[in-house]
Asks: 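My questions all concern the structure below.
Remember, it's a predicted structure, so these values are computed and weren't measured experimentally. Residue numbering restarts at 1 for every chain, and letters A, B, ... go by the order of the sequence lines.
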2 protein chains.
Amino acid sequence: MIWAAVGDPHRRRVLELLRAGPRPVNELVEQLGLSQPGVSKHLRILREAGLVTVRPDGQRRLYLLEPAPLRELARWLEPFRAHWDDRPDAPEHHLDTAAPLRERLAPRSRQEDTW
Amino acid sequence: MIWAAVGDPHRRRVLELLRAGPRPVNELVEQLGLSQPGVSKHLRILREAGLVTVRPDGQRRLYLLEPAPLRELARWLEPFRAHWDDRPDAPEHHLDTAAPLRERLAPRSRQEDTW
DNA sequence: CTCGACTATCACCAAAAGGTTATATTGCTG
DNA sequence: CAGCAATATAACCTTTTGGTGATAGTCGAG
């Protein structure tokens, strides 16, 4: 859900805009260059993903960034950081899970070990 | 492109699997529980996003993780980190880049200075 | 060279995504 | 209350997505 929410460029743009503080819908419409219902649709998705919340403000509704769910993305990304921090020319020492590779000589040897 | 690539759960799974080292297609097929063409399709997308590379190995093809593009995600995420590191009740000091944005609404006197 | 194993591409399909216009809803304002 | 402004929802359409089985290409084994 969260991944799908951030997957769309327009929605990412919204999140970026909200970083500067709460914004009413009409302003987002302006910035995105979409129809108002189109923006509302995106906002609903962001809302359902927990990435934004709404606060009524007169006849408008202020959308407010809720960055917490983004931590999940960061957490997923984290283990990969170790890989791009390596020099990428030596992938074979990562865990030495590369060893099984060598195994390929064996006709049908499967190695679904735990690693 | 990169976001779309990582947007799919099966493809994220592939990236996770490849973290342990290069893998032939048939093994990924096994792990994902999809049809072989289905997996090949995902792999193509990952390839085109630069997230994996292929190395021929006999009649098999070993897929290899290429984590560099993931940095882009991390970079996008970075500015948000400041927000979730804050107590979320005081968004008003973040940058006040909000000011310029607000100017445009001059005609309709709004007082969104409160936040 | 032929066969079988492995993988990629093709053709196709159903479902989901993203957009639009039209309409409903809500809250000020006079 | 009437009317307008701001937003949400509905209905609809087109394109993209993710999956499938069928088929083609490639490589090693014999």
Side-chain angles (χ1 to χ4, degrees), chain A residues 1-15 17-18 22-49 51-64 101-111, chain B residues 1-15 17-18 22-49 51-64 101-102 104-112:
Chain A
M1 191 94 219
I2 168 83
W3 282 100
V6 243
D8 180 83
H10 284 139
R11 288 194 290 266
R12 283 199 301 279
R13 188 94 173 66
V14 167
L15 295 180
L17 290 170
L18 292 188
R23 290 288 179 271
V25 177
N26 66 48
E27 191 164 333
L28 300 174
V29 169
E30 235 181 89
Q31 300 284 326
L32 295 192
L34 293 183
S35 68
Q36 175 266 313
V39 172
S40 270
K41 227 165 156 185
H42 283 304
L43 288 173
R44 172 202 258 274
I45 294 178
L46 289 172
R47 235 184 301 133
E48 292 176 347
L51 283 164
V52 301
T53 52
V54 212
R55 161 154 56 94
D57 171 55
Q59 47 191 351
R60 308 188 299 174
R61 313 193 62 194
L62 293 183
Y63 276 80
L64 174 52
L101 263 183
R102 196 168 323 287
E103 241 59 270
R104 62 189 167 69
L105 291 219
R108 217 52 202 113
S109 88
R110 294 258 63 73
Q111 59 351 323
Chain B
M1 191 99 222
I2 169 81
W3 281 100
V6 193
D8 180 82
H10 285 141
R11 287 194 289 266
R12 283 199 301 278
R13 186 96 173 65
V14 167
L15 295 180
L17 290 170
L18 292 188
R23 290 290 178 269
V25 177
N26 66 47
E27 190 165 332
L28 299 174
V29 169
E30 232 180 272
Q31 301 283 328
L32 295 193
L34 293 182
S35 69
Q36 175 265 313
V39 173
S40 270
K41 227 165 156 183
H42 283 304
L43 289 173
R44 173 204 257 274
I45 293 177
L46 289 172
R47 236 184 300 130
E48 292 176 346
L51 282 165
V52 301
T53 51
V54 212
R55 161 152 58 93
D57 171 56
Q59 50 191 348
R60 307 189 298 174
R61 314 193 61 195
L62 293 183
Y63 276 81
L64 175 52
L101 270 179
R102 199 176 43 225
R104 298 181 293 81
L105 293 193
R108 307 207 46 67
S109 93
R110 296 251 68 60
Q111 34 51 282
E112 42 246 57

Asks: Round to a whole Å and report the spacing from CZ of R60(B) to C1' of dG28(D).
Replies: 12 Å
Asks: I want to check one thing: is the phosphate of dA8(D), taken as OP1 and OP2, less than 4.0 Å away from some side-chain N or O of R61(A)?
Replies: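 So the side chain of R61(A) is within the cut-off, an N or O lying under 4.0 Å from OP1 or OP2 of dA8(D).
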Asks: I45(B) side chain: which of dG18(D), dC6(C), dT9(C) is closest?
Replies: dG18(D)
Asks: Output the rounded distance in Å from CG (L34(A)) to C1' (dT21(C)).
Replies: 14 Å
Asks: Taking it one step at a time, do L43(B) and R61(B) satisfy side-chain contact (heavy atoms from CB on, under 4.5 Å)?
Replies: CA-CA 11 Å; L43(B) 289 173; R61(B) 314 193 61 195; over 6 Å; no
Asks: Below 4.0 angstrom, which residues in residues 4-14 of chain A have at least one non-hydrogen atom near DNA chain C?
Replies: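 Nucleic-acid contacts, sorted: D8(A), H10(A), R11(A).
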Asks: Write down the distance between CE (M1(B)) and P (dT16(D)), rounded to a whole number of angstrom.
Replies: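 So the CE-P distance, M1(B) to dT16(D), works out to 12 Å.
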Asks: Please confirm whether the backbone N or O of G7(B) pairs with a side-chain atom of R12(B), one donor and one acceptor, at under 3.5 Å?
Replies: yes
Asks: Knowing that exactly one of L46(A), L64(A), L62(A) qualifies, which makes a side-chain contact (heavy atoms from CB on, under 4.5 Å) with V52(A)?
Replies: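 That would be L46(A).
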Asks: So, taking the atom named CD in E48(B) and the one named CZ in R44(B), what distance separates them when rounded to the nearest 0.5 Å?
Replies: 5.0 Å
Asks: Could you tell me whether the phosphate oxygens of dA8(C), OP1 or OP2, come under 4.0 Å of any side-chain nitrogen or oxygen in Y63(B)?
Replies: yes
Asks: Could you tell me how far apart L32(A) (CG) and dT20(C) (P) are, to the nearest whole angstrom?
Replies: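 Those two atoms, CG and P, are 11 Å apart.
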Asks: Distance check needed: dA17(C) P versus W3(A) CH2, whole Å only.
Replies: 17 Å
Asks: Assign each of P37(B) and K41(A) to its nearest nucleotide of DNA chain D by heavy atoms, then name whichever residue's nucleotide is nearer the 5' end.
Replies: K41(A)
Asks: Under 3.5 Å, is there a donor-acceptor pair between the side chain of R11(A) and the main chain of A4(A)?
Replies: yes
Asks: Rounded to whole angstroms, how far apart are CG on D57(B) and P on dT7(C)?
Replies: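 In whole Å, dT7(C) P lies 9 Å from D57(B) CG.
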Asks: Measure from CD on Q59(B) to P on dC6(C) and round the result to the nearest Å.
Replies: 6 Å
Asks: Compare side-chain N and O positions of N26(A) against OP1 and OP2 of dA5(D) and report whether any pair is under 4.0 Å apart.
Replies: no
Asks: V6(B) vs L51(B), test: side-chain contact (heavy atoms from CB on, under 4.5 Å). Steps then yes/no.
Replies: CA-CA 9 Å; V6(B) 193; L51(B) 282 165; 3.9 Å; yes
Asks: Is there a donor and acceptor pair closer than 3.5 Å between the side chain of Q36(B) and the base of dA8(C)?
Replies: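 Yes, the side chain and the base share a sub-3.5 Å donor-acceptor pair.
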Asks: Where the side chain of R23(A) meets the backbone of Y63(A), is there a donor-acceptor pair that is under 3.5 Å apart?
Replies: no
Asks: Rounding to a whole Å, what distance do you find between L43(A):CG and dG18(C):C1'?
Replies: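 Roughly 14 Å, once rounded to whole Å.
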Asks: Mind checking G38(B) for me? I need base, sugar-phosphate or nothing, with any heavy atom below 4.0 Å counting as a touch.
Replies: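 Base, at least one base heavy atom under 4.0 Å.
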Asks: For the side chain of H42(B), counting heavy atoms from C-beta on, which of dT7(D), dG18(D), dG19(C) is nearest?
Replies: dG18(D)
Asks: Is the shortest side-chain N/O distance from S35(A) to OP1 or OP2 of dT20(C) below 4.0 Å?
Replies: yes
